Amino acid sequence: MADQITVLLPDGSERALPQDATAADLAAAIGPRLARAAVAATVDGQEVDLDTPLPDGARVSVVTSDSEAGRHVLRHSTAHVLAQAVLQLWPGARFAIGPPVEDGFYYDFELPGGAHFSEEDLARIEEAMRRIVAEDQPFVREEHSIDQGLALFADQPFKREIIESVDTGEGAGRGVVTTYRNPPGFVDLCRGPHVASTGRLAAFKLMRVAGAYWRGDERKPQLQRIYGTAWESEQALAEHLRRLEEADKRDHRKLGLELDLFHFPPEVGGGLAVFHPKGGLIRKLMEDYSRAEHEAGGYQFVWTPHLAKSSLFEKSGHLQWYAESMYPPMEMEGATYYPKPMNCPMHMLIYGSRQRSYRELPLRLFEFGTVYRFERSGVIHGLTRVRGITQDDSHIFCTPEQLGDELAALLDFVLRLLRTFGLEEFEAELATRPEKFVGEPEDWDRAEAALAAALEAAGLAYTVADGEGAFYAPKIDVHVRDAIGRRWQLSTLQVDFQLAPRFDLEYATAENTRARPQVIHRALFGSIERFLAILIEHYAGNLPTWLSPVQAAVLPVRDDHRPYAEKVGQRLVGRGLRVVTEGAEEPLNARIRRHRLERVPYVLVVGDEDVDAGTVGVNVRGEARPERGVAVDELVGRITDDVEGRRAQPHRPGAGAAPT
RNA sequence: GCCCGAGUAGCUCAGCUGGCCAGAGCACCCGCCUUGUAAGCGGGUGGUCGUGGGUUCGAGUCCCACCUCGGGCUCCA
């Protein structure tokens, strides 16, 4: 029939609709719930507004507000409302771009007279936005010629620049400028799609203001950016804010202070941490474990100084390529010294200190090497971005034939190490040859193939970042997801094509010829400081028992239980556990509370009944209820098992373990 | 480096428009209390209000500069 069209739905079914039916009509035809949730539609792969008429035979899916694509539309539309509000409140303001981003959106402005937003302005702007939402202004799509577009934005230089660049850019030839109008007065340049009207925007909140350069270029004018978040419902918004709060509670800077682990004395300098006894102990435990694993993995330990003469860094290429990130030089006795930004040059010298034979390869040199990097003041952040960092750094020298096996073993090693620390979700990225590179293309191809094979062998999901490798090396970066789903880049495995030639490194082959070793550069924690920060946030401060500075606290109910408490404490100490035993100067509840706040995995209480029966009361971290009458032997077994197994969290009370 | 915000006791924070405003809780010290599963009671020490200038009869409070921290931007061979 000529007055009907047929569209294809995502589930493969077909649907007949009247001629001129829109995406909104389709949603309504399918069901009222879908109609309410719809914010846009996808027609033959193209996102469009709901009021777009559907062509006959199109593949159509409805975009709902609770999908990522739907939130995208909501956020984009909310950004328009933000711009309208700001233009109302600051006549003469110029607006630049306002895209949706992860969890929200932003819009960049330039205010008249060089004015800046302050945090207090956000409330006023939000109020103006709510008025616009209450007015339920439609989003009206319009198309113009380039000239019309330029005229429409005659007093908006940023918009004109966008129009002009689109004209010369990829979309050239189409010559169409699309805008969305919110009657009566606001119009913005935009590809869309948008929600049908501003009344559709329910749950949003302006978060903060920031500076941002026009087009991200620091030579261009700095604009004022407002960040906001928007969601499909008030509940979703509340949930998002709760997640932010949760992340805030896990902030390692806060927990580091509360748990007395480390701090950043201003007297020392920004980005330079000092570790307190408890933080130092955790660090030592991490390092001890790592050293033991490296020892078992056939690594040899080396130590190198923090400073070296400029000639070393000229040879390594750091002064040529990396000088911006290096601390400035020091003059001494006519020579120029630099704090090392990386350990590699020194490790190359160790390899090159004498002739090497193929029989020695693979040669694996390992060092917890502290390096110093000049990070610009605005970027340092807690322990995750510091100026003094300790790398669990290693350089592996091997023959080209050994490269594949070595990389595969290495990847295995990395994942095992990370799993031991309780990280379970990994994503890898294989970064390949960039446009500017050193070395031979054949070497790159072989190394990239070896890296890919290692990833396959490990069964690790990965993406290929084409051309994203460093100029000297293809690499694998391993990312992890923490307990609340955040992604952190940790380990890196790089095949280096630059250092061996620069240091003229060789080995004697079986045929007694000379060959260049392959150099693999790798760090597993990345930096010990950053890894510790990630662990603290991953566990929200509740470190596994084996990493807890205090593993058990023994609390006597009254002072006369103290000798028994000491005895229990000694039993645990005798098993190598870290235990504090206290007197009864404070009420029991206060002591329990204090140790719980300190995240002690096992808080043990002993009183009359325990003295008589040879038992303890056990508070396991994370459990609301205590366990009474646990035999000391059983307790000791549980804690040591917990520690030896490096369990992520302490043993829960065993089923039927305790009579009450 | 740039934009916004914040620096008051070890920590968390009150102190409105300049004048009994130098405070509270926790922590710490000293007493008392002897306690059965997340804060017993009382007393006390502690701050040139980030630093340096300025305005004023008078400045945590207003102005300027600097320092540090936080959020972004930029940067991250």
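In this text, all values refer to a predicted model and were calculated from it rather than measured experimentally. We name chains A, B, ... by the order of the sequence lines, and we start the count at 1 in each one. What you see below is based on every heavy atom in this structure, not just the backbone, and it leaves out hydrogens, waters and symmetry mates.
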Q. Looking at the side chain of A:V605, which of B:U74, B:G40, B:U37 is the nearest nucleotide?
A. B:U37

**Q.** Selected nucleotide, minimal atom distance to A:V379 side chain, candidates B:C73, B:A77, B:C11
**A.** B:C73

May I ask which nucleotide in the shown strands pairs with [N], Watson-Crick or G-U wobble, both distances under 3.5 Å?
N: B:G36; value: none
N: B:G60; value: none
N: B:A24; value: B:U12
N: B:G7; value: B:C67
N: B:U17; value: none

Q.
Against the six-membered ring of A:F105, is A:R75 placed for a cation-pi contact (under 6.0 Å from the centre, within 45° of the normal)?
A. no

Q. So, is B:G60 syn or anti if syn means the angle is within 90° of 0?
A. syn

N/O (side chain, [X]) to phosphate O (OP1/OP2, [N]) under 4.0 Å:
X: A:H381; N: B:G71; result: yes
X: A:R208; N: B:C73; result: no
X: A:Y227; N: B:C73; result: yes

Q | Over 12 foreign heavy atoms within 6.0 Å of CD, A:Q320 | A | yes

Q) Are A:E246 and A:K249 close enough for a salt bridge, meaning some N to O gap below 4.0 Å? A) yes

(Q) Closest-nucleotide mapping onto RNA chain B: is A:R215 or A:Q224 further toward the 5' terminus? I mean the 5' end. (A) A:Q224

Suppose we call a contact any N or O donor and acceptor under 3.5 Å apart; does that hold for the side chain of [X] and the base of [N]?
X: A:N589; N: B:U37; answer: no
X: A:Y213; N: B:G72; answer: no
X: A:D610; N: B:G36; answer: yes

